[in-house]
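If you're wondering where the values come from, they're calculated on a predicted model, not measured in any experiment. Every chain is numbered from 1 and lettered A, B, ... according to where its sequence line falls, protein lines coming before strand lines.
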There are 2 protein chains.
Amino acid sequence: MRVSLKDVAAHAGVSIKTVSNVVNNYQHVTPAMRERVQRSIDALGYQPNLAARHLRKGRTGIIALALPELGNPYFAELTASVIDAASQHDYIVLLDHTGGSRDQELLVSQGFRARVIDGLILSPIELRTEDLRDRDQDVPLVLLGERDYDLPYDHIAIDNVAAARDAVRHLVALGRREVAFIGARRDRSEPAQLRVRGWREELTAAGLPADEGLVAAVDGWGHADGARAMRHILDSGRRPDAVFAYNDPMAIGAMRVLHERGLRVPEDIAVVGFDDVIEGRFGAVTLTSVSPDKAAIGRLAVESVLARLGNDAPEPRRIWADYQLVERESTLGRPGAA
Amino acid sequence: MRVSLKDVAAHAGVSIKTVSNVVNNYQHVTPAMRERVQRSIDALGYQPNLAARHLRKGRTGIIALALPELGNPYFAELTASVIDAASQHDYIVLLDHTGGSRDQELLVSQGFRARVIDGLILSPIELRTEDLRDRDQDVPLVLLGERDYDLPYDHIAIDNVAAARDAVRHLVALGRREVAFIGARRDRSEPAQLRVRGWREELTAAGLPADEGLVAAVDGWGHADGARAMRHILDSGRRPDAVFAYNDPMAIGAMRVLHERGLRVPEDIAVVGFDDVIEGRFGAVTLTSVSPDKAAIGRLAVESVLARLGNDAPEPRRIWADYQLVERESTLGRPGAA
DNA sequence: CTGAAAGCGCTTACAG
DNA sequence: CTGAAAGCGCTTACAG
């Protein structure tokens with residue numbers, strides 16, 4: 001049998017309340033009493049039953065993190081930072097993955113998947129504004145990634161348009177004139193749209209054509225999709241002198257294709273990715289990439305969701321995280337190399 | 001206010017028990033009654049309180065998965081497969097990460113981190129046999145990764161020694177004679193020891209010296225550690241003609257160093273990794289790797305832990321998952337290339 | 001500073 | 001086939 005508060009109380013010869021006081025570290029317990037109770041707790045090996053505590057308090061101590069894809073190392077790194085931030089507040093993290101499908105994202109946002117949670121951090125890819133309008137849930141929701149609409153939820157993001165512009169500006173500054181974009185979507189994924197917009201705005205600002213023939217759409221978000229998109233562009237007879245990819249896995253997939261075709265990076269084609277995943281730092285050609293402050297994003301997400309648990313929850317707002325463009329060999333070339 | 005069973009019962013004009021029967025899909029409820037109750041459930045938007053249900057039933061519907069590192073894509077892919085398998089059984093997954101430290105692994109195994117769980121899947125790196133001997137917990141534990149000892153827990157693993165031997169045999173069959181091993185440990189990590197053992201056994205079986213001067217120890221498990229180990233070997237004046245790495249990130253880190261030093265893979269040095277992560281398929285040189293059946297491992301882990309929840313739990317046992325050696329450019333060279 | 005009691009929202013024998 | 005009641009193990013006002 002499991003040891004309960006009652007057992008400890010009987011063993012120590014005190015009331016349940018007193019044991020509870022000791023367990024919860026309430027003040028106003030005499031040291032002598034505290035020690036006597038603690039001895040019984042140790043003797044019986046008592047561990048509190050969290051289900052009971054949660055039922056009583058209405059809190060579970062769990063927040064859910066719902067991600068589109070665990071395979072993408074960006075999300076793995078983000079998850080680590082969320083877990084760390086949560087544990088600072090004695091919270092644990094339930095992980096769910098949506099596969100980036102709108103249906104699954106909807107289910108998660110409505111609370112139909114993880115249900116024993118105090119709060120939810122959701123990183124949607126395909127979810128639309130209207131999908132969240134009639135969310136009928138009292139569980140606090142915090143969105144990861146930039147949203148371009150007004151909804152009563154916090155969203156933590158870096159400025160995608162500005163970051164994309166920085167990436168393109170870097171390429172233009174290096175003398176590149178035909179910059180392709182890999183990773184547009186046929187569906188209306190917001191993050192992809194924002195990065196395409198940054199690409200377009202910056203080219204236009206530089207007086208260069210934003211050639212839609214150099215925008216390659218993809219179906220997934222991985223290496224293989226980037227490779228396919230790169231092949232598509234080259235097979236169409238185009239030969240851009242730079243590629244800006246939606247994320248690092250796609251950029252790396254594209255670089256593999258360039259390698260197979262005998263094109264040199266960056267001499268023939270410069271490449272910039274997004275997310276700055278570890279893998280980009282160890283290829284034969286290291287990858288220039290937009291590097292979001294993942295630790296900050298994880299921390300801000302946890303703090304935002306926990307802040308909504310109280311009664312005096314702040315107004316929902318957009319919270320910007322930092323980013324920087326990390327320049328590496330895929331645009332600068334190999335230092336010291338010919 | 002939250003809608004409870006009682007509210008639904010009042011609304012429908014029936015007893016709580018009847019509502020519960022409907023919610024839980026018990027038989028022996030007349031269709032008419034079922035519909036009437038369902039209408040009230042819909043009208044009020046009732047959602048069961050899981051904390052209460054769990055308190056009553058003694059189950060939480062949550063299993064914890066504790067991993068050393070999320071950054072390693074192998075674990076990310078494994079996590080996805082555990083989540084999928086769990087959701088098949090209506091279970092959700094709590095994620096914890098230990099950083100691969102023995103202390104954290106101990107805390108997790110003793111139930112001091114995630115505590116609202118029905119079962120625990122733990123992938124230890126540094127945990128010792130004796131650490132688990134006096135585990136005083138009724139929460140079922142299943143270990144991931146091969147263990148070389150007898151403990152009353154299931155462990156799911158591929159045969160590390162055999163897999164390492166396959167990798168080395170492949171290299172030897174290609175004519176390589178000086179095979180380095182990257183990723184030994186100063187501490188006594190079991191998985192690393194098993195793979196070193198496979199390396200040693202196979203070389204010996206092939207009549208080649210298992211030269212301990214070609215074994216490089218590391219402190220971490222990532223790209224940078226592999227790079228450091230590779231540099232260490234080369235700087236010591238050794239020039240092996242093959243490298244077998246503990247895992248893919250280390251292999252890729254090592255390849256980066258070989259590239260920097262102007263050594264060609266596989267012409268000068270062939271490389272084999274372990275885990276077959278996606279990243280290995282898209283480098284400038286694709287990576288030959290031992291590929292464990294991750295989907296099977298996730299599924300077996302979930303099934304094992306859930307099987308222990310009942311009263312007639314099976315005997316603890318070692319469960320083998322499949323693997324295969326996937327041969328790519330890092331040993332075979334580029335098909336069609338000079 | 002400590003105790004007795006109510007109640008969180010369910011499920012489960014037990015009646016009927 | 002449905003209802004009334006007990007109880008899972010806590011915490012929290014409320015007394016004293």
**Request:** Measure the spacing between CG of D7(B) and CD1 of I41(B) and express it to the nearest 0.5 Å.
**Result:** 12.0 Å
**Prompt:** Is there a donor-acceptor contact under 3.5 Å from the side chain of S81(A) to the main chain of K294(A)?
**Reply:** yes
**Asked** Quick one: D7(B) CG to dC8(C) P, roughly how many Å, whole number?
**Response** 10 Å
**Message:** Of the options dC10(C), dC10(D), dA4(C), whose atoms approach the side-chain atoms of S15(A) most closely?
**Reply:** dA4(C)
**Fill in**
When rounded to whole Å, the CZ to P distance for the pair R59(A) and dG9(C) reads 15 Å
**Complete:** Letter by letter from the 5' end, nucleotides 11-16 of chain D scores (B base, S sugar-phosphate only, - none; protein heavy atoms under 4.0 Å) BBB---
**Request:** Provide, to the nearest angstrom, the distance between the CG atom belonging to L55(B) and the C1' atom belonging to dG7(D).
**Result:** 9 Å
**Prompt:** Do we see a donor-acceptor contact under 3.5 Å between the side chains of Q38(A) and D42(A)?
**Reply:** yes
**Request:** Using a cut-off of strictly less than 4.0 Å, decide whether T18(B) has a side-chain nitrogen or oxygen near OP1 or OP2 of dC1(D).
**Result:** no
**Complete:** Ordered by number, residues from residues 32-44 of chain A within less than 4.0 Å of DNA chain D (heavy atoms) are none
**Heavy-atom pair of closest approach, residues L120(A) and V139(A)** = N-CG1, 4.1 Å
**Message:** I need the I62(A) CD1 to D118(A) CG distance, nearest 0.5 Å.
**Reply:** 7.5 Å
**Asked** Distance-only, no hydrogens or angles: does the R102(B) side chain make a donor-acceptor pair with backbone N or O of I125(B) under 3.5 Å?
**Response** no
**Residue closer to the 5' end of DNA chain D, N49(A) versus T30(B) (nearest nucleotide)** = T30(B)
**Request:** Could you tell me whether a side-chain N or O of R59(A) sits under 3.5 Å from a main-chain N or O of L309(A), the two making a donor and an acceptor?
**Result:** yes
**Prompt:** Is the backbone N or O of Y153(B) less than 3.5 Å from a side-chain atom of R308(B), with the two atoms forming a donor-acceptor pair by type?
**Reply:** no
